[in-house]
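Report on one structure; see the data block that follows.
Keep in mind the model is a prediction, meaning the values are calculated, not measured. The figures here come from the full heavy-atom set of this structure, side chains too, leaving out hydrogens, waters and symmetry mates.
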Protein chains: 2
Amino acid sequence: MADGRVERGNQTRRTVLARTVELASTEGLEGLSLGRIAGDLGLSKSGVFALFGSKEELQIATVRAAAAVFAAQVVQPVHEQPAGVGKVWRLCELWIAYSACRTFPGGCFFRSAAAEFGSRPGPVRDRVAAARAEWTQYVEQQLHDAGRAGAFREDAEPVAVPQLAFEIIALMELADSESVLHDDPAPYERAGRGILGRLRALAAAPDELPEQPTAVSPPG
Amino acid sequence: MADGRVERGNQTRRTVLARTVELASTEGLEGLSLGRIAGDLGLSKSGVFALFGSKEELQIATVRAAAAVFAAQVVQPVHEQPAGVGKVWRLCELWIAYSACRTFPGGCFFRSAAAEFGSRPGPVRDRVAAARAEWTQYVEQQLHDAGRAGAFREDAEPVAVPQLAFEIIALMELADSESVLHDDPAPYERAGRGILGRLRALAAAPDELPEQPTAVSPPG
DNA sequence: CCTACCGATCGGTAGG
DNA sequence: CCTACCGATCGGTAGG
């Protein structure tokens, strides 16, 4: 009972998942191998297997672990900030930093995972789709709250929140993809400029936003 | 010499590549298996191997074959159209149709391939990066030519061509990704609206562009 | 009975 | 293009 075996198991689980989120971002969730992970961490293959039950469960646990990292790095820091375009822009800056600093060595975990499992029905795809839908809804909620707080101009058309969220996410994800593919930080500036252009055009107080995104240091 | 063996080999090569471009778009370039392809096509594993020399060469040949499909479906149809925002928008419509009709069952081949090989240095990544760079340069060229033809307003800031190309490509690629992941055509309308919004804001004759994108039929 | 592993091995398949 | 194989490794499971 109190011999610590359960706690040791939980610790080993965390150790395994810390490694699989890294591996999966570069080699894919399907590229995870129980034997290789075990070898890397000095465990037996069957020991790793016993902790998760199947490779598929390991993949799903890896997606959940990546979501926790993302939440801590992108969502949590803005938690207490008042709603507004400033909060939306801060969220975008945090996303760009999350991508540019290679939190996951292969770039955004959820862009990679969506590309890998997007056309493979099953529980892994469903988990990835749910994680992405939650993020989209979170961005939409921030835009909605900003609108309710009077952050958008009233002399223009009402802001189409899902459209604007789609455009912001598109710019950030292409920056992530191109930056990884070409080892180049320049796409982050493009994404930042595009997002600021949209937000400044709609903001009631555009001067509260910078004219240009701050420079992003090279990856790696 | 003239016994037709070379021609038969080329035909078999085309048959194999027609299959691998489909498979790779859903299961990845790394997921290609010489044995599986051979079995699917009633060939021997070593026969397929002999045609390409290595799995890596098969992957590169698959990327080249996909590029030919893309060029025929998206680039070739606008070849003789005069430069202008109308040509740019037509190119975007063709891209959206290329994605929405599932030319490749897993969505845009080059988005999938970039996600899979973006952080794996080597000849396959280089070939994927080159194909994407060519597409980006082609879009930029069309925007540049439109500007030279007087298609953009002169009372606004000069159009930043690479920035605009980045934004257009970002919207199309997120539509592709989300449509595949959620089996939903709605993202294509978002992408089309976003692109038209940008083009109409910059166009000297915005009335030559539609106000809304035409509806896209569901995938599959 | 439980867990968290171990060394060994299952039936199949990988690239070559 | 074929049959016939190789060293290795795959995900998963056996008894202890």
Side-chain angles (χ1 to χ4, degrees), chain A residues 1-20 23-24 26-63 65 113 116-117 120-125 127, chain B residues 1-20 23-24 26-63 116-117 120-125 127:
Chain A
M1 280 297 199
D3 64 357
R5 279 181 299 188
V6 169
E7 184 46 42
R8 272 190 295 127
N10 287 339
Q11 182 56 48
T12 304
R13 233 180 112 93
R14 283 190 289 268
T15 303
V16 169
L17 292 174
R19 185 89 186 98
T20 58
L23 283 169
T26 59
E27 316 206 357
L29 284 161
E30 200 61 42
L32 293 175
S33 149
L34 297 174
R36 178 180 167 188
I37 294 156
D40 282 8
L41 301 176
L43 306 174
S44 74
K45 192 171 68 169
S46 60
V48 175
F49 181 82
L51 284 168
F52 295 94
S54 71
K55 180 172 178 175
E56 190 173 73
E57 289 297 326
L58 173 63
Q59 292 170 327
I60 292 169
T62 298
V63 176
E116 185 180 7
F117 273 86
R120 296 193 219 177
V124 180
R125 193 257 287 256
R127 193 71 210 91
Chain B
M1 279 296 203
D3 62 357
R5 281 182 298 189
V6 169
E7 184 45 43
R8 273 190 295 127
N10 288 339
Q11 182 54 48
T12 305
R13 233 181 112 93
R14 284 189 289 268
T15 304
V16 169
L17 291 174
R19 186 88 187 98
T20 58
L23 283 169
T26 60
E27 316 205 356
L29 284 161
E30 200 60 41
L32 294 175
S33 147
L34 295 174
R36 179 178 166 187
I37 295 156
D40 282 8
L41 301 176
L43 307 173
S44 73
K45 192 170 68 170
S46 59
V48 176
F49 182 83
L51 283 169
F52 296 94
S54 70
K55 180 171 179 175
E56 190 172 74
E57 289 298 326
L58 174 63
Q59 291 171 327
I60 292 169
T62 299
V63 176
E116 185 181 6
F117 274 87
R120 295 194 219 177
V124 180
R125 193 256 288 257
R127 193 72 210 90

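- Leu43(A) comes within 4.0 angstrom of the backbone, heavy atoms only, and of no base.
- Within the structure, side chain to side chain donor-acceptor pair (under 3.5 Å) contacts touching residues 48-58 of chain B (residues at least two apart or in different chains) do not occur.
- With a 3.5 Å limit on both pairing distances and Watson-Crick or G-U wobble geometry required, DNA chain D contains no stem of 3 or more pairs.
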- prompt: Yes or no on side-chain contact (heavy atoms from CB on, under 4.5 Å) for Phe52(A) and Leu34(A), after CA distance, side-chain angles and deciding distance?
  reply: CA-CA 10 Å; Phe52(A) 295 94; Leu34(A) 297 174; 5.9 Å; no
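- The nearest whole Å value for the distance from the CD atom in Glu56(A) to the C1' atom in dG12(D) is 14 Å.
- For the side-chain hydrogen bond (donor to acceptor under 3.5 Å, both in side chains) test, residues two or more places apart in sequence or in another chain that qualify with Glu30(B) are Gln59(B), Arg120(B).
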field: Leu58(A)/Val16(A) under side-chain contact (heavy atoms from CB on, under 4.5 Å): CA gap, chis, key distance, verdict
entry: CA-CA 9 Å; Leu58(A) 173 63; Val16(A) 169; 4.1 Å; yes
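- Residue Glu57(A) contributes atom CD, which lies 10 Å from atom P of dG12(D) at whole-angstrom precision.
- We find the CG-CG distance between Leu23(A) and Leu17(A) to be 11.5 Å, quoted to the nearest 0.5 Å.
- If you measure from atom CD1 of Ile37(B) to atom C1' of dT13(C), you get 14 Å, rounded to the nearest angstrom.
- Evaluation of the side chain to side chain contact (heavy atoms under 4.5 Å, CB included) rule for Ser33(B) yields Arg36(B) as partners, not counting sequence neighbours.
- Residues Val63(A) and Arg127(A) come closest through the heavy atom pair CG1-CG, 3.9 Å.
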Heteroatom pairs (N/O) under 3.5 angstrom, protein to nucleotides 9-11 of chain D:
| from | atom 1 | to | atom 2 | distance (Å) |
| --- | --- | --- | --- | --- |
| dC10(D) | OP1 | Ser33(A) | OG | 3.1 |
| dG11(D) | OP1 | Leu32(A) | O | 3.0 |
| dG11(D) | OP1 | Lys55(A) | NZ | 2.8 |
| dG11(D) | OP2 | Ser33(A) | OG | 3.3 |
| dG11(D) | OP2 | Leu34(A) | N | 3.3 |
| dG11(D) | N7 | Lys45(A) | NZ | 3.1 |
| dG11(D) | O6 | Lys45(A) | NZ | 2.9 |

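- Taking 4.0 angstrom as the limit, Ser46(A) places none of its side-chain polar atoms (N or O) nearer than this to OP1 or OP2 of dA8(C).
- Rounded to an integer number of Å, the gap from Arg13(B) CZ to dC1(D) C1' is 14 Å.
- The side chain of Ala50(A) sits closest to dC5(C) out of dC1(D), dC5(C), dG16(C).
- dC10(D) sits 12 Å from dC10(C) when the C1' atoms are compared, rounded to a whole Å.
- Separating the CZ atom of Phe52(B) from the P atom of dC1(D) is a distance of 11 Å, rounded to the nearest angstrom.
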Which pairs of donor and acceptor atoms, one on a side chain in residues 39-47 of chain B, lie under 3.5 Å apart (sequence neighbours left out)?
| from | atom 1 | to | atom 2 | distance (Å) |
| --- | --- | --- | --- | --- |
| Asp40(B) | OD2 | Arg19(B) | NE | 3.1 |
| Asp40(B) | OD2 | Arg19(B) | NH2 | 3.1 |
| Ser44(B) | OG | Gly47(B) | N | 2.9 |

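- We find the CG-CD1 distance between Leu32(B) and Ile37(B) to be 5.0 Å, quoted to the nearest 0.5 Å.
- Using atom C1' as the reference point in both dG12(C) and dA8(D), the two lie 13 Å apart (nearest Å).
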